[in-house]
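Heads up: numbering here begins at 1 and tracks the sequence. Remember, it's a predicted structure, so these values are computed and weren't measured experimentally.
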Amino acid sequence: MILVIGGGSQGKLEFVRRRWDIASANITDGGTCSFEEAFQRPVLDHLHLLIRRLQEASLDARKFIADGIEQHPGMILICDELSSAVVPVLKDDREMQETTGRVLCAAAQKAAKVYRVFCSVPVLIKGEEHD
């Protein structure tokens with residue numbers, strides 16, 4: 001599994017498309033897909049939005065994502081970094097920020113590679129640059 005993180009609108013998805021030649025048909029949007037579809041394609045974009053939706057549905061996001069990673073170890077996950085943001089005022093937003101951070105920590109431990117994308121510049125922060 002490969003994890004790609006970075007702030008919003010930093011070029012994460014474009015990096016993944018170019019680096020691994022991924023067509024749009026092979027990308028799932030965590031903000032709009034059904035829960036059953038989340039891990040059915042090679043790339044899951046907007047992981048943080050999937051986490052929010054799972055929490056709104058009162059589902060265990062950490063277990064759902066961990067199970068998805070376990071069952072689909074070759075995936076690429078793309079997620080916005082929320083930890084650098086201001087602490088949200090609303091309780092639900094704080095819980096979503098915390099859960100996203102914990103999911104990313106667990107995912108990074110299992111990932112063969114972790115990239116952080118900033119200003120469209122990918123930086124490999126875990127793993128080695130070979131295929």
For this session: Determine, stepwise, if the pair M96 / E56 fulfils side chain to side chain contact (heavy atoms under 4.5 Å, CB included).
Result: CA-CA 10 Å; M96 187 264 200; E56 289 172 351; over 6 Å; no
Problem set entry | I76/V43 under side chain to side chain contact (heavy atoms under 4.5 Å, CB included): CA gap, chis, key distance, verdict | CA-CA 5 Å; I76 299 173; V43 176; 4.1 Å; yes
Problem set entry | H46 vs T32, side chain to side chain contact (heavy atoms under 4.5 Å, CB included): CA-CA, chis, key distance, verdict | CA-CA 9 Å; H46 297 134; T32 58; over 6 Å; no
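Residues satisfying the salt bridge (Lys or Arg N to Asp or Glu O under 4.0 Å) test with D60, not counting sequence neighbours, are none. Among residues two or more places apart in sequence or in another chain, the salt bridge (Lys or Arg N to Asp or Glu O under 4.0 Å) test is passed with R41 by none. With sequence neighbours excluded, no residue forms a side-chain hydrogen bond (donor to acceptor under 3.5 Å, both in side chains) with R94. Partners of R53 by salt bridge (Lys or Arg N to Asp or Glu O under 4.0 Å), not counting sequence neighbours: none found. Annotation: side-chain hydrogen bond (donor to acceptor under 3.5 Å, both in side chains) contacts of T99 (sequence neighbours excluded): Q55. Residues passing the side-chain contact (heavy atoms from CB on, under 4.5 Å) test with D92 are E95, sequence neighbours excluded. For the salt bridge (Lys or Arg N to Asp or Glu O under 4.0 Å) test, no residue two or more places apart in sequence or in another chain qualifies with D29. Partners of S58 according to the side-chain contact (heavy atoms from CB on, under 4.5 Å) rule, which considers only residues two or more places apart in sequence or in another chain, do not exist here. Residues forming a side-chain contact (heavy atoms from CB on, under 4.5 Å) with P122 (at least two apart in sequence, or on another chain): F15, Y115, V117.
Residues L82 and F118 are members of separate hydrophobic clusters, defined by side-chain heavy-atom contacts under 4.5 angstrom among Ile, Leu, Val, Met, Phe, Trp and Tyr. Residue L124 is not grouped with residue V121 when hydrophobic side chains (ILVMFWY) are merged at heavy-atom distances under 4.5 angstrom, including chains of intermediate members.
Here side-chain hydrogen bond (donor to acceptor under 3.5 Å, both in side chains) pairs that include residues 61-70, with residues two or more places apart or in two chains, are K63-D67, E70-K110. The list of salt bridge (charged side-chain N to carboxylate O under 4.0 Å, His left out) pairs with a residue in residues 7-16, not counting sequence neighbours, reads K12-D80.
Judged by distance alone, with hydrogens and angles left aside, the side-chain atoms of Q10 form a donor-acceptor pair with the main-chain N or O of C119 at under 3.5 Å.
H48 is not listed as a side-chain neighbour of R52, based on a closest heavy-atom distance of 4.5 Å or more.
For G11 against S120, the heavy-atom pair with the smallest separation is CA-OG, 4.1 Å. Considering every non-hydrogen atom in both Q97 and V87, the closest pair reads OE1-CA, 4.2 Å. In terms of heavy-atom proximity, E128 sits nearest to K113 at O-CE, 3.0 Å.
Through chains of ILVMFWY side-chain contacts below 4.5 Å, M1 is grouped with L3, I5, F35, F39, L44, L47, L50, I51, L54, L59, F64, I65, I69, M75, L77, V103, L104, V114, V123, I125.
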